[in-house]
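Quantities reported herein were computed from a predicted structural model and do not represent experimental measurements. Proteins get letters first, then strands, A, B, ... in listed order; numbering begins at 1 in each.
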Amino acid sequence: MSITAIKGFNDILPAESDRWQYIEQTARRVFELNGFSEIRVPIMEKTELFRRSIGDATDIVEKEMYTFTDKGENSVTLRPEGTASVMRAFIEHKLYAQDPVAKLYYLGPMFRYERPQKGRYRQFHQIGAEITGVNAPLADAQVLNMLVQLFREIGLDEPSLQINSLGCPDCRPAYRASLVAFMEERLDRLCEDCRRRFTTNPLRILDCKVPGCIEATVGAPSVLDHLCGDCDDHFAGVKGYLDSTATPYSINHRMVRGLDYYTRTTFELVTGLLGSQSAVAAGGRYDGLISQLGGPAIPGIGFAIGFERVALLLGDKDFSRQPDLFIATMGVGERDFAFRLMHDLLRSGVRVEMEYEGKSLKSQMRRADKLGARYSVVIGENEVASGKAAFKRMKDGEQIEVPLKCEDIKKMME
RNA sequence: GUGGCUAUGGUGAAGCGGUUAACACUUACGACUGUGACUCGUACAUACGUGGGUUCAAAUCCCACUAGCCACCCCA
């Protein structure tokens, strides 16, 4: 038995990587348009970073991290998400000293030890963006609008935006208490998982998909009714800006987050097309995170997009690049000639392919067709001698005589 | 961590106890000794995830293992 990849770790083969590049390039373009710069952070961090940011009691930290002890006896962890590293770097390099308002994006692999299934892998990829230093709801709205714009430009308008507010450390405890009181009375109607959640994370019960639980929790107190004045104003501001830019969204007061650092605005881009993995992108505000990690009291907001899930939504769409020209040759001498011609054309930006081995003309033409070349040309003794050749437009077979010179060939192809 | 389903070539698959392991795609070569797409021909699994067992006979039945998928949990 030959060696295979690790469970949940996937190879991205050419057919798929074309699609990935399309997503990545579109994301970079949209982010840069919005004034974001890329930050590249390591894929491994001290374990402590994730414990402090994501939260000790979360599932991610409790049972899903790839944590090791390295040769220097340090506990290190393959990052399960990106925000913690970005904020660690923001603090470590004192980026806030230059300008507390930073707009950063990142992309790369993340690692979570979960049972793989559709749209969920142990090594998966995220593209994320963060804005620090802005309290105003305007920042929330810009982040959301950018996210929506990105999906539009990728060509996906199916995922819909859901927003919520989780309040802040001032108002959340009271909400939690009233929710617990409400649930306590209906404990017997909840599923087993929810009864467990009642003690571990009562907010999660709102997110349960079991019909009985949905029924039992009808009329449960909503976070949105328990926001303090400031949080309420903030959320109203966000909604106002989304309305004023005609960004479609719906409010889901039952939306919960799996990471502890979120405050106020939270959101998800959800789809019905990926089975149980409905979130394609998600994020929120994390006003306490930077100070919690030892930095100054600077707020932040951001999101992460699940790369694999976006790729899945794009389906089998073909994003491969076709050659502009395929050069077929008759003999060894012509092949040398063609190689020099190809070299010149490549240097001037024409996408050229040729046959490397001495295959029959028939098989060379077949290859030209298979590669989807726009034009083909056959170079034999006559062509080398005359310096001219018949260029064939593959889609209709029309042939045009053109000199075998870079400039003439380029012109002909326009 | 829990459950369900599936495992035949590069791919999609037929096969249901005795077959040269069908068919299609892909690939290679040819029909056409200087021209692709359509057509036609030829070649391409000593082999049916691995290990046991039942049987005169197993890809086909049984068991175990392994892997993959999907779902739960959780999440992007």
Is any side-chain N or O of A:Lys7 closer than 4.0 Å to OP1 or OP2 of B:G68? yes
I'd like to know whether A:Glu24 forms a salt bridge (charged side-chain N to carboxylate O under 4.0 Å, His left out) with A:Arg28, so could you lay out the CA-CA distance, the side-chain angles of the two residues, the decisive distance to 0.1 Å, and finally the verdict. CA-CA 6 Å; A:Glu24 180 175 334; A:Arg28 287 182 187 277; 3.0 Å; yes
Using the closest heavy atom to pick a nucleotide of RNA chain B for each, name whichever of A:Arg197 or A:Asp369 lands nearer the 5' end. A:Asp369
Could you measure between the two C1' atoms, the one in B:A22 and the one in B:C16, and give it in whole Å? 15 Å
Both distances under 3.5 Å, Watson-Crick or G-U wobble: report the partner of B:C56, or none. B:G18
B:U50 versus B:G9 - spacing of their P atoms, nearest Å: 10 Å
Expressed as a whole number of Å, how far does the C1' atom of B:G49 sit from that of B:A7? 6 Å
Students often get this wrong, so: under 4.0 angstrom with heavy atoms, is A:Thr58 touching a base, only sugar-phosphate, or nothing? nothing
Write down the distance separating the C1' atoms in B:G36 and B:C23, rounded off to the nearest Å. 27 Å
Between B:G36 and A:Lys362, is there an OP1 or OP2 to side-chain N/O distance shorter than 4.0 Å? yes
Nearest whole angstrom, please: distance from the P of B:U2 to the CD of A:Gln117. 15 Å
Inter-nucleotide P distance (B:G51, B:U66), Å rounded: 15 Å
Would you kindly give the CZ-to-C1' distance between A:Arg204 and B:C74, to the nearest whole Å? 7 Å
Restricting to non-hydrogen atoms, name the atom on A:Leu203 and the atom on A:Leu179 that form the minimum distance, rounded to 0.1 Å. CA-CD2, 3.9 Å
Rounded to whole angstroms, how far apart are CD on A:Glu398 and P on B:U35? 19 Å
Less than 6.0 angstrom from the centroid, inside 45 degrees of the normal: does A:Arg120 satisfy that with respect to the ring of A:Phe124? no
In whole Å, measure the gap between the C1' atoms of B:U54 and B:C61 for me. 8 Å
Using both distances under 3.5 Å as the test, list the Watson-Crick or G-U wobble partner of B:U11, or none. B:A24
At under 4.0 Å, does any side-chain N or O of A:Lys395 touch on OP1 or OP2 of B:G36? no
P atoms of B:U11 and B:C48, separation to the nearest Å: 15 Å
To the closest 0.5 Å, what do you measure between CD (A:Glu355) and OG (A:Ser360)? 9.0 Å
Under 5.5 Å and under 30°: A:Phe124 stacked on B:A76: yes
With distance as the sole criterion, do the side chain of A:Lys392 and the base of B:G36 form a donor-acceptor contact below 3.5 Å? yes
How many whole angstroms separate atom CZ of A:Arg367 from atom P of B:G36? 17 Å
N or O in side chain of A:Arg366 less than 4.0 angstrom from B:A37 OP1/OP2: yes
At under 4.0 Å, does any side-chain N or O of A:Arg257 touch on OP1 or OP2 of B:C74? no
Please report the C-alpha distance between A:Ser85 and A:Leu49 in whole Å, then the side-chain angles of each, then the deciding distance to 0.1 Å, and finally whether the side-chain contact (heavy atoms from CB on, under 4.5 Å) criterion is met. CA-CA 8 Å; A:Ser85 296; A:Leu49 174 65; 4.3 Å; yes
Rounded to the nearest 0.5 Å, what separates atom CD in A:Glu357 from atom OG in A:Ser363? 10.5 Å
Determine the interatomic distance between P on B:A58 and the same-named atom on B:G17; round to the nearest Å. 14 Å
What does B:A71 pair with, Watson-Crick or G-U, if both distances are under 3.5 Å? B:U2
Does any donor-acceptor pair link the side chain of A:Arg115 with the base of B:C69 at a separation under 3.5 Å? no
Students often get this wrong, so: under 4.0 angstrom with heavy atoms, is A:Ser360 touching a base, only sugar-phosphate, or nothing? sugar-phosphate
Looking at every strand, decide which applies to A:Glu62 at a 4.0 Å heavy-atom threshold: base, sugar-phosphate, or nothing. nothing
Does A:Phe235 have A:Arg264 sitting over its ring (NZ/CZ under 6.0 Å from centre, angle to axis within 45°)? no
Under 4.0 Å, heavy atoms only, any strand: does A:Leu259 hit a base, just the sugar-phosphate, or nothing? sugar-phosphate
To the nearest angstrom, how far is A:Gln399 atom CD from B:U35 atom C1'? 7 Å
Between the base of B:C74 and the side chain of A:Arg120, is there any donor-acceptor pair under 3.5 Å? yes
First of A:Glu381 and A:Ile305 reached from the 5' end of RNA chain B, by closest nucleotide: A:Glu381
Whole angstrom is fine here: how far is it from NZ in A:Lys63 over to P in B:G1? 11 Å
